[in-house]
Amino acid sequence: MTDIISLLNPAQKEAVETTQGALLILAGPGSGKTRVITHRIAYLLNVAGISPRRILAVTFTNKAANEMKERLNILVGPMAENLTVGTFHAVCAKMLRIDGKTIDLDSDFTIYDRDDQTALIKKVMEKVGISKETIAVNATIAEISKSKSELITPAIYTQKAASFFEKQVANIYKRYQSELVSSKALDFDDIIMQTMHMLQNSETVLKKYQTRYQYVMVDEFQDTSPVQYELVKLLAGSSGNICVVGDADQSIYSWRNADIRNIVNFEKDYLQAKVVRLEQNYRSTGSILGAASAVIAQNKHRKEIKLWTQNGSGEKIVANVCLEPKEEGQYIVKEIESLVTGGKASFKDVAVMYRANAQSRAIEEAFIRYGMPYRLAAGTRFYERKEIKDIVAYMRLMQNPYDSVSLLRVINTPARGLGDKSLNDISLWAENNNILLYDALALLKSAERQVTGLSLRAVKALLSFYQMLESWRQKIDALDLVGLFDLICIDIKYKEYLQSMEDGQERWENVQELRSTLQLHIGLASETLPLVLENIALISDVDSLEEGASAVTLITLHQAKGLEFLAVFIAGVEENILPHIRSVADEGELEEERRLFYVGITRAKKYLYITRCEGRVGYSGFAINDPSRFLNDIPEQYINNKSNSKPRMVIKTPLQYRPWSHYSSSKDAADSGMKTTLNKERFAPWDAPAHYEEKYIEIEPLKQGDKVHHPIFKEGVVLSYKEKGSDAEVVVQFWGEAGQKKLLASFANLTKTGLA
DNA sequence: GCGGCGGGCTTTTTT
DNA sequence: AGCCCGCCGC
């Protein structure tokens with residue numbers, strides 16, 4: 001242990017050795033934060049002799065939690081098993097499953113993800129008669145979520161509702177919450193809010209957890225919401241041993257109700273708190289760090305932390321301007337190629353980051369064209385696919401038949417002759433009789449069906465659906481998860497259903513992939529249905545990024561937080577993209593955008609490339625974008641600006657070689673037909689017909705009077721020539737019938753045949 | 001009344 | 001890619 005301590009710098013050492021009382025660790029990027037947290041836990045265990053059961057460590061993502069567990073396993077061995085390490089949601093869900101009954105919550109509650117939440121809100125809005133033209137569904141969800149993160153219940157919200165919007169939301173919120181309760185379901189915010197409620201409600205439960213967790217640690221503290229902070233305070237209440245680690249400059253989740261003020265409040269709430277600053281950066285070169293510091297220094301509202309490094313200044317950041325996203329993707333791929341062939345990096349050392357998921361498309365296409373291996377966090381998210389959600393919904397109903405969102409999702413999927421009319425009738429009947437939908441199905445068997453006004457056909461369909469679910473329920477104890485899964489797929493004829501669709505084959509393969517994932521749980525402690533379904537609900541895209549794969553990582557800037565790469569490309573560093581167009585109007589949001597850029601920059605260890613396009617196709621057609629204002633903040637000494645915004649034209653050229661076949665790693669992966677769960681790594685097929693690149697060739701400027709040839713309009717003479725961004729507008733008088741034409745130089749394909 | 005199909009719109013970031 | 005909407009055939 002002493003060896004471990006001796007490897008730490010003085011600040012890190014102080015953080016590790018401060019075990020009692022409140023501790024605030026302000027940790028700049030790359031300052032060895034994870035190391036400090038893990039070593040602090042090891043110190044608590046090995047030096048202070050604390051039992052692992054007394055320690056709670058909360059992280060932001062499952063990935064971070066798993067990483068921490070792995071490192072601790074190495075540091076302290078099997079003792080690590082008894083630590084509680086997890087995300088807020090995972091830790092709280094567990095507490096609720098154990099002690100939720102004290103607040104009338106069944107242990108087999110269902111967790112609603114964002115999709116389920118949307119479905120339920122829509123249903124509620126319909127029921128209370130508020131159309132989504134009146135109030136946007138997303139705004140409603142955001143408002144409710146925000147309220148929950150501040151412990152504002154429907155009752156309190158209703159009292160305070162003043163504006164028209166708030167009054168509508170109050171109505172929806174109240175109904176939404178009661179639907180959640182009758183569905184035995186919790187949304188993400190409920191998981192935290194109900195835990196809080198549970199602890200406040202029962203002195204016994206509170207004492208139990210306060211006694212159990214004598215040492216509480218929170219990572220990424222800047223991203224905690226008000227409730228999350230309250231919860232942590234409550235848990236650490238009796239011992240007062242609370243350690244939070246954060247960096248206000250990396251706070252990028254305010255839109256998810258994270259509250260940067262928690263850091264300030266911490267010092268007010270714990271006046272005795274020791275504050276440790278980790279300011280030495282071990283990750284990046286001087287240039288990268290210098291640029292990052294200069295960028296973040298522009299934020300007015302910040303608690304200054306001065307990063308420094310003993311690393312050399314390294315290479316300058318490379319900034320490049322492209323005509324459009326296609327060229328940007330191509331530029332990135334070619335730069336990666338030269339990094340790799342130059343032996344400076346391998347694929348897995350490289351990440352491409354962007355502000356919005358939509359940007360990944362053009363970049364991906366370049367990777368596919370060149371056959372360069374890549375992995376994508378959040379392609380079309382696996383668990384959000386229809387075919388996966390369908391099967392998961394059926395499985396959820398086995399756990400909790402009152403889960404109304406799942407029930408309504410599958411009651412007519414695959415189609416069994418139940419339309420809006422029938423479903424409305426039965427729902428209404430259930431409601432009027434004050435029973436839940438599932439129980440209403442059970443009652444159909446007896447004579448009461450006349451009351452419902454349902455057609456005989458609908459009654460039959462509903463009954464056979466109900467009986468199918470019940471027959472599974474009877475067999476469930478004898479089956480493992482995969483057995484249940486297979487039973488469901490067969491009984492609902494899901495394969496046949498999918499195969500009637502255009503992309504049925506691929507969808508069925510996805511279903512099989514879900515089956516393989518379930519297979520992994522068999523025999524483990526986590527095999528129970530509630531736990532598996534909980535994992536599915538709480539998993540995130542970064543969590544499922546395959547480690548060690550020989551592929552370039554494509555990832556959003558948000559997802560990249562907490563990660564590091566030898567080489568980083570940040571794409572689309574333009575006004576309207578970064579900062580995002582929806583953030584520029586508000587000073588606070590603009591500062592968050594800047595922090596986002598800062599997070600991106602500080603992910604890079606050695607090589608950083610910043611690219612931007614002069615224009616791109618947006619929602620409303622092609623838009624010219626100025627360089628991001630953040631670029632001006634990077635001093636010239638750190639950055640190499642390449643500028644080639646001369647008019648250019650695009651030529652497709654076939655590639656004569658198989659680009660990456662000489663890299664065994666990627667070839668092996670492709671040959672083995674590599675299949676990974678969740679985020680598939682994708683490789684362009686080797687027999688892909690055309691690997692081609694698009695050459696962006698500078699257009700030779702034309703002058704008035706130049707003679708030109710056009711493939712269709714034939715011969716003509718230039719009347720005028722005007723450069724417009726990276727293109728040019730040419731007016732030509734053709735001799736033939738075409739007459740006078742206004743053309744774009746990049747597309748017109750003009751050849752100069754004579755000078756003026 | 002139900003199912004299926006085509007067109008339009010979507011998205012900023014996500015536990 | 002998926003949802004919503006309107007339309008049409010059964």
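In what follows, every chain begins at residue 1, and chains take the letters A, B, ... in the order their sequences are listed.
Look at CG on A:Leu498: it is 11 Å from P on C:dG2, rounded to the nearest Å. Across the protein-nucleic acid pair, A:Leu563 atom CG and B:dT13 atom P stand 17 Å apart, rounded to whole Å. Summarising the geometry, the separation between NE2 on A:His558 and C1' on B:dT15 is reported as 13 Å, rounded to the nearest angstrom. Between A:Arg114 atom CZ and C:dG2 atom C1' the separation is 15 Å, expressed in whole Å.
Shown here for A:Glu591 and A:Asn299, the closest heavy-atom pair between the two residues is O-ND2, 3.2 Å. Taking each heavy atom of A:Pro29 and A:Asp247 in turn, the nearest pair found is CD-OD2, 3.4 Å.
Considering A:Thr195, A:Val58, A:Val91, A:Leu151 as possible partners of A:Leu231, the one that fulfils the side-chain contact (heavy atoms from CB on, under 4.5 Å) test is A:Thr195. The residue from A:Arg396, A:Lys184, A:Gln399 that alone fulfils the side-chain hydrogen bond (donor to acceptor under 3.5 Å, both in side chains) condition with A:Asp108 is A:Lys184.
If you check every strand for non-hydrogen atoms under 4.0 Å, A:Phe88 touches nothing. Across all strands, A:Arg507 comes closer than 4.0 Å only to sugar-phosphate atoms, never to a base (heavy-atom distances).
Comparing A:Thr556 and A:Ala358, the nucleotide of DNA chain B nearest to each residue sits closer to the 5' end for A:Ala358. For the pair A:Glu589 and A:Arg256, nearest-nucleotide mapping onto DNA chain B gives the more 5' position to A:Glu589.
Taking side-chain N and O atoms only, A:Asn138 has no distance below 4.0 Å to OP1 or OP2 of B:dT10. Residue A:Gln559 places no side-chain N or O under 4.0 Å from the OP1 or OP2 atom of B:dT13.
When distances run from any side-chain atom of A:Glu387 to the nucleotides B:dT15, B:dT13, C:dG2, the shortest one goes to C:dG2. Side chain of A:Thr87, nearest nucleotide from B:dT15, C:dG2, B:dT11: B:dT15.
The aromatic ring of A:Trp255 is stacked on the base of B:dT13, with the two ring centres less than 5.5 Å apart and the planes inclined by under 30°.
A salt bridge does not link A:Glu364 to A:Arg361: none of the charged nitrogens lies less than 4.0 Å from a carboxylate oxygen.
With a 4.5 Å cut-off on side-chain heavy atoms, A:Glu593 and A:Val584 do not count as touching.
Relative ring orientation between A:Trp255 and A:His558 is described as perpendicular, the plane-to-plane angle rising above 60° on a 0-90° scale split at 30° and 60°. Aromatic ring orientation, A:Phe188 versus A:His89: perpendicular (interplanar angle above 60°, classes split at 30° and 60°). A parallel orientation is assigned to the rings of A:Tyr213 and A:Tyr209, their planes being inclined by less than 30° (bins at 30° and 60°). Between A:Phe221 and A:Phe266, the angle of the ring planes goes over 60°, which puts this pair in the perpendicular group of the 30/60° scheme.
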Please tabulate, one pair per line, each protein N/O and nucleotide N/O from nucleotides 5-10 of chain C that are separated by under 3.5 Å, including the distance.
from, atom 1, to, atom 2, distance (Å)
C:dC5, OP1, A:Lys132, NZ, 2.8

Produce the list of close N/O pairs, under 3.5 Å, pairing protein atoms with atoms of nucleotides 2-6 of chain B; give distances to one decimal.
from, atom 1, to, atom 2, distance (Å)
B:dC2, OP1, A:Gly419, N, 3.2
B:dC2, OP1, A:Ser422, OG, 2.4
B:dC2, OP2, A:Lys421, N, 3.1
B:dC2, O5', A:Gly419, N, 3.4
B:dG3, OP1, A:Gly417, N, 2.5
B:dG3, OP2, A:Asn412, ND2, 3.1

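Remark: nothing in residues 120-131 of chain A comes within less than 4.0 Å of DNA chain B through any heavy atom.
Side-chain rings of A:Tyr173 and A:Tyr176 stay apart, their centers remaining 6.0 Å or farther from each other. You'll find the ring centres of A:Phe60 and A:Tyr253 inside the 6.0 Å limit.
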